[in-house]
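Report on one structure; see the data block that follows.
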Amino acid sequence: MELSREINNFIDEYVIALKEGNAAVFAGAGLSIPSGVVNWKELLRRPASRLGLDVEKESDLVSLAQYIYNDSKTKTPLTELINNHFSQTGRINRNHEIIAELPIRTFWTTNYDKLIEQALIQAGKKPDVKKRVNDLAVIKSKRDAVVYKMHGDVEVADEAILIKNDYELYEKNNQMFTIALKGDLVSKTFLFIGFSFEDPNLEHILSRIKILLDDHTRTHYYFIKEVLEEDYPDNQKGKEQFQYDKIKQELKCVDLERYSIKPLMVKRYEDITTILEVITERFNRNNVLISGSADEFSDYTVSGIRAQDFIHKLCKTLNQKEFKVATGFGLGVGSAVINGVLEGMEELGTRNINEHLIMRPFPQYATNGKDISQLWEKYRQQLLSECGIAIFMFGNKIIKKQDTEEETEVVEANGVIREFDIAVDKNVKVIPIGVTGYASRKLWEQVINDFDRYYPDYPYLKDKFIKLGEDGIDFNQLINIVTDIVIEFRGGE
């Protein structure tokens with residue numbers, strides 16, 4: 001899809017919020033519907049019909065739930081719907097995976113399902129789930145994210161916010177949730193995902209925001225599926241309904257501005273996944289993997305500096321340009337990477353290494369019958385999933401010649417080549433430094449010989465890439481060229 005100016009601006013703002021640790025997600029039912037979770041209208045269809053009502057004609061589903069409660073004088077039929085449905089259905093979808101993998105520490109949701117917390121666990125994170133007001137007083141040790149389930153959870157369905165009476169008494173019974181929400185709305189940038197204009201929770205949430213903040217809030221964002229004529233019957237009635245819904249949507253989008261929420265129009269729900277993936281890609285371009293290993297450096301043809309000093313200074317420069325540097329601690333390369341970043345941190349006057357360096361040393365042997373090559377593959381996949389740019393240098397190892405015990409030979413490091421292939425598959429921007437020789441020379445030639453395939457949108461960078469293979473190039477010039485390319489891929493200074 002082609003991204004509009006409004007969506008591109010949003011992506012830039014949200015990436016900044018992610019970098020600063022201020023990004024949040026507010027999830028509605030639409031986030032889970034693609035996972036097989038039925039929306040609230042479908043759940044109420046059968047009990048509504050018992051009252052003689054047609055759920056398709058009802059827009060106020062909260063009132064409808066109240067009518068069902070009034071008829072039975074108990075919430076049991078509604079809580080049984082939640083228990084029977086949400087405890088048995090649903091699977092993590094791609095949108096869950098993306099938001100769980102991003103460094104988002106705050107999730108708010110009106111959903112009863114457990115898919116957000118399951119996605120976080122799948123991403124290797126430890127969620128702290130707040131289902132009741134009492135949960136707010138307890139902080140889970142070493143938590144990676146907080147999930148506020150402000151309308152309840154399938155495990156405590158009898159306490160869920162379901163009927164009109166629950167909403168009317170929400171401020172009284174759930175005041176601590178309201179206070180926590182107010183604090184996050186003031187300090188974080190929210191992305192609302194999975195809400196529709198018919199969502200029974202949306203109006204209540206928006207009114208709560210207005211009451212809580214009274215115009216003192218940050219700008220938040222809200223995905224909206226655009227009303228399209230092609231989605232309506234090709235007849236007079238369909239055309240009239242399209243025009244009506246189009247006008248209503250335009251008015252609703254203007255109204256959202258009252259709550260400091262900017263609408264983001266998408267033509268298809270699948271576009272949301274695309275936008276989330278672009279966010280991940282752009283955020284990850286702040287993370288640069290140094291892929292390389294070297295048993296020897298005799299092919300290194302940069303003049304005026306030792307190989308390790310070149311690596312050191314390059315990584316220090318990247319650090320000072322506010323990139324996070326990643327390393328798998330490759331032989332002969334990893335130590336220089338770490339030293340360069342540490343020196344950059346020292347000059348910047350910072351000590352939080354987690355904000356500047358990603359270290360993933362590879363396991364050196366396998367246990368419990370595991371295959372070491374499979375472990376390495378898993379490590380490479382995970383490391384490159386965290387990075388948007390990969391710089392390749394050197395790439396050699398010494399092995400014994402076949403049929404000899406003492407003679408050795410230097411060969412290309414197949415691990416560096418494998419990391420290149422994974423990077424390309426994951427749309428990571430690859431920068432092989434050809435002058436460092438070995439596997440990197442081979443990869444550089446591969447990119448130069450088919451540059452249009454690798455970088456169809458960056459033809460103006462080809463001259464800089466050619467310089468990366470120029471024998472005898474001054475090391476300062478080489479570092480400047482690599483830095484310029486990396487900054488261009490990030491989107492500028």
Side-chain angles (χ1 to χ4, degrees), residues 1 3-35 92-111 115-117 119-120 123 125 127 144-151 180-197 199 201-202 205-206 208-209 212-213 217-226 252-253 255-284 286:
M1 65 173 290
L3 301 178
S4 67
R5 179 172 55 84
E6 290 77 9
I7 289 178
N8 263 311
N9 291 341
F10 150 69
I11 292 172
D12 289 341
E13 290 298 320
Y14 205 68
V15 167
I16 291 172
L18 287 167
K19 289 175 62 178
E20 295 177 348
N22 298 325
V25 162
F26 206 130
L31 180 65
S32 297
I33 289 173
S35 299
I92 297 168
N93 63 45
R94 181 57 184 150
N95 290 344
H96 287 115
E97 290 175 345
I98 296 172
I99 63 175
E101 289 166 359
L102 285 168
I104 299 170
R105 297 183 58 85
T106 302
F107 295 85
W108 283 83
T109 183
T110 55
N111 299 342
L115 297 178
I116 292 177
E117 47 265 52
L120 287 165
K125 298 181 180 180
D144 297 299
V146 183
V147 182
Y148 296 95
K149 309 191 80 168
M150 64 184 300
H151 286 173
L181 176 60
K182 179 176 181 178
D184 284 341
L185 288 166
V186 170
S187 62
K188 302 181 186 301
T189 299
F190 273 84
L191 174 60
F192 288 77
I193 308 176
F195 289 95
S196 69
F197 291 138
D199 196 305
N201 296 308
L202 181 61
I205 293 167
L206 293 179
R208 208 168 289 151
I209 291 173
L212 284 174
L213 302 178
T217 182
R218 296 165 69 98
T219 298
H220 307 297
Y221 299 89
Y222 172 42
F223 282 128
I224 298 178
K225 183 188 176 299
E226 184 178 353
K252 186 68 177 181
C253 288
D255 192 53
L256 285 172
E257 299 282 355
R258 294 194 301 125
Y259 308 98
S260 295
I261 297 176
K262 287 190 175 182
L264 304 169
M265 286 286 188
V266 296
K267 294 187 181 298
R268 294 286 179 266
Y269 289 116
E270 294 79 5
D271 293 343
I272 294 174
T273 304
T274 300
I275 294 169
L276 292 175
E277 287 176 338
V278 172
I279 290 171
T280 300
E281 182 179 323
R282 291 193 190 174
F283 173 78
N284 283 345
N286 292 287

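Numbering starts at 1 and runs along the sequence shown.
The minimum heavy-atom distance between S32 and H96, with the atom names listed, is OG-NE2, 3.8 Å. When all heavy atoms are compared, the tightest approach of P127 to L120 is CB-CD1, 3.7 Å. Nearest approach of A100 to A123, heavy atoms of both residues: O-CB, 4.0 Å. Heavy-atom minimum distance, K149 versus N111: CE-O, 3.6 Å. What you find for I104 and A23 is that their closest heavy atoms are CG2-O, 3.6 Å.
Rounding to the nearest 0.5 Å places CZ of F223 at 4.5 Å from CD1 of I275. Once rounded to the nearest 0.5 Å, the distance linking NE2 of H220 with CG of L185 reads 4.5 Å. The distance from atom CG of L31 to atom CD1 of I99, rounded to the nearest 0.5 Å, is 5.0 Å. Rounding to the nearest 0.5 Å places CD of E257 at 7.0 Å from NZ of K262. Between the CD atom of E97 and the CD atom of E277 there is a distance of 10.0 Å, given to the nearest 0.5 Å. To the nearest 0.5 Å, atoms OG1 (T109) and NE2 (H151) are separated by 9.5 Å.
With hydrogens and angles disregarded, no donor-acceptor distance shorter than 3.5 Å links the side chain of T106 to the backbone of A24. D184 places no side-chain N or O within 3.5 Å of a backbone atom of W108 that could act as its donor or acceptor partner.
With 3.5 Å as the limit, one finds a donor-acceptor pair spanning the side chains of R218 and T189.
Within 6.0 Å of NZ on K125 lie more than 12 heavy atoms contributed by other residues, nucleotides or ligands.
In this structure the side chain of I279 reaches within 4.5 angstrom of the side chain of L18, judged on heavy atoms. By the 4.5 Å heavy-atom criterion applied to side chains, C253 and M265 are counted as neighbours. Looking at R94 and L276, their side chains never come closer than 4.5 Å, going by heavy atoms from C-beta outward.
Among residues two or more places apart in sequence or in another chain, the side-chain hydrogen bond (donor to acceptor under 3.5 Å, both in side chains) test is passed with E226 by K246, K267. Under the side-chain hydrogen bond (donor to acceptor under 3.5 Å, both in side chains) criterion, E101 pairs with no residue at all, not counting sequence neighbours. Among residues two or more places apart in sequence or in another chain, the side chain to side chain contact (heavy atoms under 4.5 Å, CB included) test is passed with I16 by E20. Under the side-chain hydrogen bond (donor to acceptor under 3.5 Å, both in side chains) criterion, R268 pairs with E230, not counting sequence neighbours. Annotation: side-chain hydrogen bond (donor to acceptor under 3.5 Å, both in side chains) contacts of E281 (sequence neighbours excluded): R285, N427. The side chain to side chain contact (heavy atoms under 4.5 Å, CB included) test applied to T280 returns I98, L102, N284, not counting sequence neighbours.
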side-chain contact (heavy atoms from CB on, under 4.5 Å) between F192 and I261: does it pass, once the steps are laid out? CA-CA 9 Å; F192 288 77; I261 297 176; 4.0 Å; yes
Do R105 and N22 pass the side-chain hydrogen bond (donor to acceptor under 3.5 Å, both in side chains) test, and can you show the C-alpha distance, the side-chain angles, and the key distance before you say yes or no? CA-CA 8 Å; R105 297 183 58 85; N22 298 325; over 6 Å; no
Would L191 and I193 count as a side-chain contact (heavy atoms from CB on, under 4.5 Å) here? Give the steps. CA-CA 6 Å; L191 174 60; I193 308 176; 3.7 Å; yes
After noting the C-alpha distance and the side-chain angles of T219 and E13, does the key distance pass the side-chain contact (heavy atoms from CB on, under 4.5 Å) rule? CA-CA 10 Å; T219 298; E13 290 298 320; over 6 Å; no
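Ion pairing between a basic and an acidic side chain is recognised when a charged N comes within 4.0 Å of a carboxylate O; D271 and K225 show no such pairing.
Partner F26 forms a ring pair (Phe, Tyr, Trp, His ring centres under 6.0 Å) with one of Y222, Y148, Y221, F195 and no other, that one being F195.
Outside the 6.0 Å centre-distance limit, the rings of Y14 and F283 are not counted as a close aromatic pair.
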